[in-house]
Amino acid sequence: MSNQDTISNFYSTTKFVNFIKDTYPNNEFTKAVLYFEGVQVFKNKFDKYCCKPLFITLESANKKGNVYLNANKITSLFGDSIIVSFNGKFDNKDHMYVLVIEFESKAFMDSTYYPSHVLLCKNEHNIKCIRDQFKINYDDGNVPVSCFI
């Protein structure tokens with residue numbers, strides 16, 4: 001993977017919304033909800049927080065139009081990984097959080113942006129299901145002695 005490929009996996013909230021709108025042109029999403037682990041959050045060189053989404057819900061006004069992206073779908077859509085940067089305050093603790101990005105743009109001076117905010121995820125069912133997609137089952141039994149002969 002080249003350095004350019006790595007850089008292209010970093011998304012501002014605006015770049016993320018534009019990518020989703022280009023990828024799903026017939027959908028009228030109102031917001032995206034990105035689930036992420038607080039312990040994995042870091043600050044980039046522009047002093048913005050960055051998270052790696054583990055699950056994404058693209059919400060529309062009609063729930064039948066919602067799109068759900070699990071870890072496998074995120075990887076196939078964005079490549080090896082996606083990092084989303086966001087503004088605001090964040091309390092980096094050992095919890096799962098959601099980054100909510102509104103799809104209705106706002107303007108400030110000459111810049112267009114999409115409002116976003118971070119909330120602590122309190123839905124235990126969602127937390128368990130999202131974390132369970134990364135569980136690996138393996139045999140923790142003893143390796144047979146014959147393997148070492």
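For reference, positions follow the sequence shown, starting with 1.
Taking every heavy atom of both residues into account, I74 and P53 meet most closely at CD1-O, 3.9 Å. The nearest pair of heavy atoms linking S116 to L99 is CB-CD1, 3.9 Å. The two residues V100 and K31 have their closest heavy-atom pair at CG1-CD, 3.8 Å. Minimum heavy-atom separation, E37 to H95: OE1-O, 3.5 Å. Annotation for V41 and C51: closest pair CG2-CB, 4.3 Å, computed over non-hydrogen atoms. Considering all non-hydrogen atoms of both residues, C121 and I127 come closest at O-CD1, 3.4 Å.
A donor-acceptor contact shorter than 3.5 Å is absent between the side chain of T13 and the backbone of F86. Without hydrogens or angle criteria, Q133 side chain to N72 main chain gives no donor-acceptor distance under 3.5 Å. In this structure, the side chain of N27 does not engage the main chain of F29 through any donor-acceptor pair within 3.5 Å.
Taking the side chain as every heavy atom from C-beta outward, T14 and T112 never approach each other to under 4.5 Å.
Both cation-pi conditions hold for K15 and Y11: the charged atom is under 6.0 angstrom from the six-membered ring centre and inside a 45 degree cone around its axis. For the pair K43 and Y49, the distance from NZ or CZ to the six-membered ring centre is under 6.0 Å and the angle to the ring normal is within 45 degrees.
The structure places OG of S12 at 9.0 Å from CD1 of I101, a figure rounded to the nearest 0.5 Å. Rounding to the nearest 0.5 Å gives a distance of 13.0 Å between CZ of F78 and NZ of K73. Here the straight-line distance linking atom CG of N70 with atom OG of S76 works out to 8.0 Å at 0.5 Å rounding. Distance check, rounded to the nearest 0.5 Å: CD1 of I130 to NE2 of H125 gives 9.0 Å. Put simply, CE on M96 and NZ on K122 are 15.5 Å apart, with the number rounded to the nearest 0.5 Å. Note: L69 CG to T23 OG1 = 9.5 Å, rounded to the nearest 0.5 Å.
In this pair, Y97 and F36 present their aromatic rings parallel. The plane angle is below 30°, not in the 30 to 60° band.
In the hydrophobic clustering of this structure, L34 groups with Y24; members are Ile, Leu, Val, Met, Phe, Trp, Tyr whose side-chain heavy atoms approach within less than 4.5 Å, directly or through other members. Linking ILVMFWY residues whenever their side-chain heavy atoms come closer than 4.5 Å, directly or via other members, leaves V39 and I82 in distinct clusters. Residue I20 is not grouped with residue Y113 when hydrophobic side chains (ILVMFWY) are merged at heavy-atom distances under 4.5 angstrom, including chains of intermediate members. The same ILVMFWY cluster, assembled from side-chain heavy atoms under 4.5 Å apart, contains both L120 and V118. The cluster map of Ile, Leu, Val, Met, Phe, Trp and Tyr, joined by side-chain heavy atoms under 4.5 Å apart, puts L77 and L58 in the same cluster.
The number of heavy atoms from other shown groups lying within 6.0 Å of CG (D22) is above 12.
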Going through the distances and angles, do E104 and T30 end up as a side-chain contact (heavy atoms from CB on, under 4.5 Å)?
CA-CA 7 Å; E104 184 176 328; T30 57; over 6 Å; no
request  = Could you go through the side-chain contact (heavy atoms from CB on, under 4.5 Å) check for F46 and S85 one step at a time?
outcome  = CA-CA 10 Å; F46 304 107; S85 63; over 6 Å; no
